[in-house]
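Down below is the structure, laid out as structure tokens.
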Amino acid sequence: MLLLKNACILQFQPAAVKNGMDILIDGPRIVDVGKNIIVDRKDTRTVDLEGKLVSPGLVCGHNHFYSVLARGILAEIKPSTDFVSILQNLWWKLDRAIDEEILLYSGLIGAIEALRSGTTSVIDHHASPSFIKGSLKVLKSAFEKAGLRGILCYEVTDRNGNRGMSDGIDENISFAETIERERKSGLTDNLIEAAVGAHAPFTLGEEALGMLAEAVNKTGRGLHIHLAEDLYDPSYSSHIHRKDLTERLEDCGLLNEKTICAHGVHLTDSDIEKLNRHDSFLVHNARSNMNNGVGYAEKLPSFRNVALGTDGIGSDMFEEMKFAFFKHRDSGGEYWPSDFLDFLHSGNSLLERYFNMSFGKIEKNYKADLVIYDYQSPTPLVGENIAGHIAFGLSSRDVKTVIVNGVTVYENRQFPFDIEPVYEEASRAARRLWQRMDEIK
Ligand SMILES: [Zn+2]
């Protein structure tokens, strides 16, 4: 057991600050929270937090660890003036150049950097067309090595031919079956769950959508897809398929409470009504939308469920929340930091829908995914201003210790394994990745 004494608990929803609290963790769960908890079991490790802040772990609702080694990329990339050419000249060359080793180091660095930022769960959307079969197991091993929680999927698309499409479907199904097998063999507290991934409607024909629907039914998981990121997606849908984006998905039975739609910048009111009716999720990726110049998701307040993601720009959810808030203000929006803290907190609902357990609070029977901070506040910190502290102060630099599934995976800013060799190998893998990209025609 782990007993954290004298914590100052930050609760995001409803926002509250509770001083002088003890937190008792047994295995992957919080089993008690209160004042002066006394435990007489000999296997209990007691840590006095001396009033330090403790919050639930942060959730990144949409990410791409396969792009981790693209940072500072030095490869020949043609000038890209619009969204589709950015995909063609950069991301669709990069994903084709990924092999097993490159993926492993992308995943390890992604996981290490997420935990360092206080992000305890990452919902990943993976693509590696030259290494599809078995790719999600490699990514899973990277998450597990670092101790990061995740929901993984493979991005199905028609852009690599019919074989590439069906291999992507198979990878999603076989990975979900692996998770089921682990569960049936008694591993009920696993770190990893599965979703069914798809690129975006404009690279998915009717056959692919039908097979995705079968995969969703067969696995009991939800679709994780890019939707209306750029105006090209809804225009293509109307022009080629004579249907709105969500109409296509709904007609195939692909909208449900586990559906994760990333971006949604150009969804119409009727699209949003459909997503809300099916209780589906929108994941807002403010920095990525700005980086790609795809426009601003002005209709954020109309969605029933909104979480925040990074779309491959690291996993620092403090930074993402700040950008999301500032961009909203810049566009004339009326939301306050507390609304964006609600969005950040909503990622926990996604975890609950996939893991079928309780996440996002420091209370009895919740999962023990926690972050301990070294934050020295110059002003009073109370429930009413937590979001203001995050928008204008508290950040990932204050993260000191991280606990996931009851395991201390990062303590006093140190990992329990040597990360230097991982960074060295990652750097070598990055050079190889960039070279391989130049060789792709
Ligand atoms: Zn994305």
Side-chain angles (χ1 to χ4, degrees), residues 59-71 73 80 82-96 98 103 106-107 110 113-114 119 121-129 135-136 139 150-157 159-160 168 172 195-204 212 222-234 236 245 249 254 259-267 275 280-297 300 303 306-317 319-320 323-324 327 343 347 350:
V59 182
C60 175
H62 177 72
N63 207 331
H64 301 282
F65 275 3
Y66 75 80
S67 71
V68 162
L69 301 183
R71 192 182 304 172
I73 194 164
S80 309
D82 59 74
F83 176 68
V84 175
S85 63
I86 294 171
L87 292 178
Q88 285 170 336
N89 297 335
L90 174 57
W91 301 114
W92 292 352
K93 269 177 103 172
L94 179 123
D95 66 9
R96 279 157 62 206
I98 291 170
L103 175 59
S106 300
E113 296 200 339
T119 298
S121 298
V122 168
I123 299 177
D124 193 79
H125 194 257
H126 173 64
S128 52
S135 57
L136 295 179
L139 206 47
I151 302 173
L152 312 185
C153 69
Y154 189 85
E155 173 194 298
V156 170
T157 177
R159 67 186 159 88
N160 302 300
N172 280 306
V196 174
H199 172 242
F202 72 91
T203 71
L204 294 161
L212 283 164
L223 182 72
H224 183 178
I225 189 168
H226 294 122
L227 201 62
E229 178 174 1
D230 184 79
L231 202 51
Y232 183 80
D233 199 13
Y236 186 90
L245 291 169
L249 299 183
L254 282 165
T259 307
I260 305 168
C261 303
H263 303 285
V265 177
H266 300 281
L267 290 177
L275 292 184
S280 303
F281 256 83
L282 176 85
V283 180
H284 178 50
N285 305 268
R287 290 182 298 167
S288 168
N289 293 344
M290 291 161 77
N291 182 43
N292 287 327
V294 291
Y296 182 60
L300 271 187
F303 290 87
V306 179
L308 301 180
T310 62
D311 200 28
I313 308 179
S315 300
D316 186 336
M317 298 314 294
E319 196 159 79
E320 194 62 45
F323 271 81
K327 178 64 199 174
F343 292 158
L350 276 171

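Whatever order the structure lists them in is the order used to number ligands and atoms, beginning at 1.
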>> Using a cut-off of 2.8 Å, how many protein N, O or S atoms sit around the Zn ion (ligand 1)?
In response: 4
>> Run the ring pair (Phe, Tyr, Trp, His ring centres under 6.0 Å) test on His224 and His226 for me, step by step, so that the C-alpha distance in whole Å, both residues' side-chain angles and the decisive distance to 0.1 Å come before the verdict.
In response: CA-CA 7 Å; His224 183 178; His226 294 122; 7.4 Å; no
>> For a quick check under 3.5 Å, do Asp311 and His64 share a side-chain donor-acceptor pair by atom type?
In response: yes
> With sequence neighbours left out, what residues match Leu87 under side-chain contact (heavy atoms from CB on, under 4.5 Å)?
Replying inline: Phe83, Trp91, Trp92, His199, Phe202
> So do the side chains of Leu139 and Leu103 get within less than 4.5 Å of each other, counting heavy atoms only?
Replying inline: yes
> Any side-chain heavy atom of Ile313 within less than 4.5 Å of one from Glu319?
Replying inline: no
> With a 4.0 Å cut-off, would you call Arg287 and Asp316 a salt bridge?
Replying inline: no
